[in-house]
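To start, the structure under review is shown below, and the notes come after it.
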Amino acid sequence: MNVTLPGGRIVRVPAGISAGELLARELPERASSFLAALLDGRPVDLATPLTTDAELAPLTFADRAGRDILEHSAAHLVAKALVATIPEARPTHGPPTEEGFFYDFEVRPLVPADLDAMRAAMDRSIEAREPFVRREISRAEANELFASNPHKLRYIAETPEGETISVYYTGAFVDLCRGPHVPDTGWLAGLHILGFSGLEREAGTDAPALQRVRGVAFPTRAELQAYLKLRAEAEARDHRAIGTKQELFLFLDETPGFPFWLPKGMVLVRELETYVREHLRRAGYAEVRTPLLFPQSVYETSGHWEMYREDMFVSELEGRTFGWKPMNCPGSMLIFRSRARSYRELPLRLAEFAPLHRYEASGTLHGLTRVRELVQDDAHLFLMEEQIDAELAVLLDWIREAFTTFRLEWSYELSTRPARFLGEVATWEKAEATLERALRASGVPYRVAAGEGGFYAPKIDIHVRDSLGRPWQTGTIQLDYQMPQRFGLQYQGADGQLHTPVVVHRTILGTWERFLGVFIEHCAGRFPPWLAPVQVRVLPVTDRHAEAARGLRDELASLGLRAEVASPEESLPKRVRGAELDRIPYTLVLGDREAEQGSVAVRVRGSKENRTMSRAEFSAYALDRVRRREYDP
RNA sequence: GCCACUGUAGCUCAGUCGGCAGAGCGGCUGAUUCGUAAUCAGCAGGUCGGGGGUUCAAGUCCCUCCAGUGGCUCCA
């Protein structure tokens, strides 16, 4: 029997040797890292006997498939431990995920003490290095083995006729599973339960509520420790903590989901707006402001009343019903419709940065990244069909420019027609194809999210991640054929006929709130100089220099820099420390030496060294960094 | 909205078995006049998230409401 190893080397072996034995023999120096194998490209247990000519390669934790196997094995151990702790628990399934794994159980609500018991049980199993043992069984045997677990019975029933049904034993615990697994539980020393939570009962069913246990797994405890350390560092970047520390924004119990922007946070918002408006000017937009409240009838026209009403704040006044706008589109539609329009006006690009209100479910609120009052860098483009491609290209360019400025990694998602939608399927398909064409033309990678479009249009979404790796949607580009029709929008074409325009709804940074929430975590509160609420802090060494320090501050302020003085009630080292902790980009020390020379000692954030510069040199340097919107000071 | 957990000074957090409400930072006052990540001393600051209950006695136990956290669902 011939087995082809990685690199094309062929070895002749007796039939029946296990994949693990052969790999350990042929690749002894790396064998301790092998947790499973690829047999003809299919992941298998190391214990799998080789019976025919085949290609064989080892799998390690460094391989995506290997990682999945380790995580999935960890899920089995979690299930074993939970069933040992709560015997009436019914395991459902436990797949690997992007950042670890979970296992869902039908079980009473868990409490922290359950986790302690589970950890103890898992540690015993890991210590004992219990092997994962595969058995292939008949459908009848399987049905008998899992007779008390309706979930497993369902999986068995869903398994196509003719497919092998396998189970894995971990000690006395047995789970229905296709495999493969790591050889034994000794591999799971780096297993850590992150937490547990109840799952939403599937809507409209009387299915029992499930509990999810989430975890991560690494081949060694040291790797787990490294992961936990990174995670702790990420938690320290939490925008909610930084926002409190730097006095950027505030949330009060009385107003859940409604951020208060404090003076320093407001600087961030205004700088973002300025940045975005510069683009709007270049790209030919006009800015408008439309009402925050519209009567019900307008939302009936737009479709929001039918499709979005549950997420709206609604006010009853004098027997009429008003809704607080959750989106800017109705206002822009009404502007377009307010008079006869010519094709010569198109593309008509109307931007609006108005506060929007959305009644987000209480349990979904999350710092700045999920709020009930928000402002988008929003705009609506009224276009002729043949103008769409060019406009989309400009938008994708702007996205690249903006996210590059912030050094944020972003990804695209093309979201297609959802289950609840307005309009005709054919129109949707046309719009989806147009968006896909734009993405292809720009050469950026993207993912298709089937069925996740808005109710009125398919969209290209932009996603970024927070410090813990959780994805958040920021920008969105929606190609809408429905709303123009519903509002009866028309323009007169060159042919003298009336036509309905296409509307692109688009926001790029998304909302100031969410964008800043994510960006604060991205930069860990160390804002680029152009965004920093305080750009320069002047530290007079003693009282004698306070007057000069105030003069310098005023001089910098007159040049447009945000500067302040930290007067010498505290020691200089303490004020230097304070400036560093406040993440001030430039700290200027002014003492006798500097007073004599008309210079300043410049300390740049994050650098222990300081440079002496003339006042003019410093201001020219700082202003240049700010104007260029450099990322670092 | 659903499940679990949490809520003590402006912030971060201690508070044992139900028995006098604490610390550090920050703030204020004073002293120090200081050269690149914490000078020293003193003082103020609390309806222990709100309401109800059990108890001789509740920050602590129970119920309930509110808010937050982690997930779920949803979404910019």
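By convention in this document, chain letters (A, B, ...) are assigned in the order of the sequence lines, proteins followed by strands, and residues within each chain are numbered from 1.
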At 4.0 Å (heavy atoms only), tell me whether [X] reaches a base, stays on the sugar-phosphate, or touches nothing.
{"X": "A:Asp592", "value": "base"}
{"X": "A:Thr474", "value": "sugar-phosphate"}
{"X": "A:Glu609", "value": "nothing"}
{"X": "A:Gln473", "value": "sugar-phosphate"}
{"X": "A:Ala601", "value": "base"}
{"X": "A:Leu110", "value": "sugar-phosphate"}
{"X": "A:Pro568", "value": "base"}
{"X": "A:Arg212", "value": "sugar-phosphate"}
{"X": "A:Glu594", "value": "base"}
{"X": "A:Gly363", "value": "base"}

Q: Verify the contact: side-chain N or O of A:Arg603 to OP1 or OP2 of B:rA37, cut-off strictly under 4.0 Å; return yes or no.
A: yes
Identify which nucleotide among [options] has an atom closest to any side-chain atom of [X], counting heavy atoms from C-beta outward.
{"X": "A:Asn610", "options": "B:rU36, B:rG26, B:rA76", "value": "B:rU36"}
{"X": "A:Thr364", "options": "B:rC74, B:rA76, B:rA4", "value": "B:rC74"}
{"X": "A:Thr476", "options": "B:rU36, B:rA76, B:rC11", "value": "B:rA76"}

In this structure, how many angstroms lie between the [atom2] atom of [N] and the [atom1] atom of [X], rounded?
{"X": "A:Leu262", "N": "B:rC11", "atom1": "CG", "atom2": "P", "result": "12 Å"}
{"X": "A:Phe196", "N": "B:rC3", "atom1": "CZ", "atom2": "C1'", "result": "9 Å"}
{"X": "A:Arg214", "N": "B:rG71", "atom1": "CZ", "atom2": "P", "result": "5 Å"}
{"X": "A:Phe102", "N": "B:rA4", "atom1": "CZ", "atom2": "P", "result": "20 Å"}

Q. If you pin A:Gly578 and A:Thr542 to their nearest nucleotides in RNA chain B, which one's is more 5'?
A. A:Thr542
Ring centroid separation for [X] and [Y], is it under 6.0 angstrom?
{"X": "A:Phe455", "Y": "A:Trp305", "result": "no"}
{"X": "A:Phe406", "Y": "A:Phe515", "result": "yes"}
{"X": "A:Phe102", "Y": "A:His93", "result": "yes"}

(Q) Under 6.0 Å from the ring centre and within 45 degrees of the ring axis: does the NZ or CZ of A:Arg615 meet both conditions for the six-membered ring of A:Phe618? (A) no
(Q) Check whether A:Phe527 forms a cation-pi arrangement with A:Arg605 (NZ or CZ under 6.0 Å from the six-membered ring centre, at most 45° off the ring normal). (A) no
Q. Once the angle between the rings of A:Tyr359 and A:Phe313 is folded into 0 to 90°, is it parallel (under 30°), tilted (30 to 60°) or perpendicular (over 60°)?
A. perpendicular
Q. Do the rings of A:Phe249 and A:Trp261 sit parallel, tilted or perpendicular, given the 30° and 60° boundaries?
A. perpendicular
Polar atom pairs (N or O), protein with nucleotides 65-69 of chain B, under 3.5 Å:
residue: B:rA67; atom: O2'; partner: A:Asp253; partner atom: OD1; Å: 2.6
residue: B:rU69; atom: OP1; partner: A:Arg240; partner atom: NH1; Å: 2.7

Q.
To the closest 0.5 Å, what do you measure between NE2 (A:His366) and CZ (A:Arg470)?
A. 4.0 Å
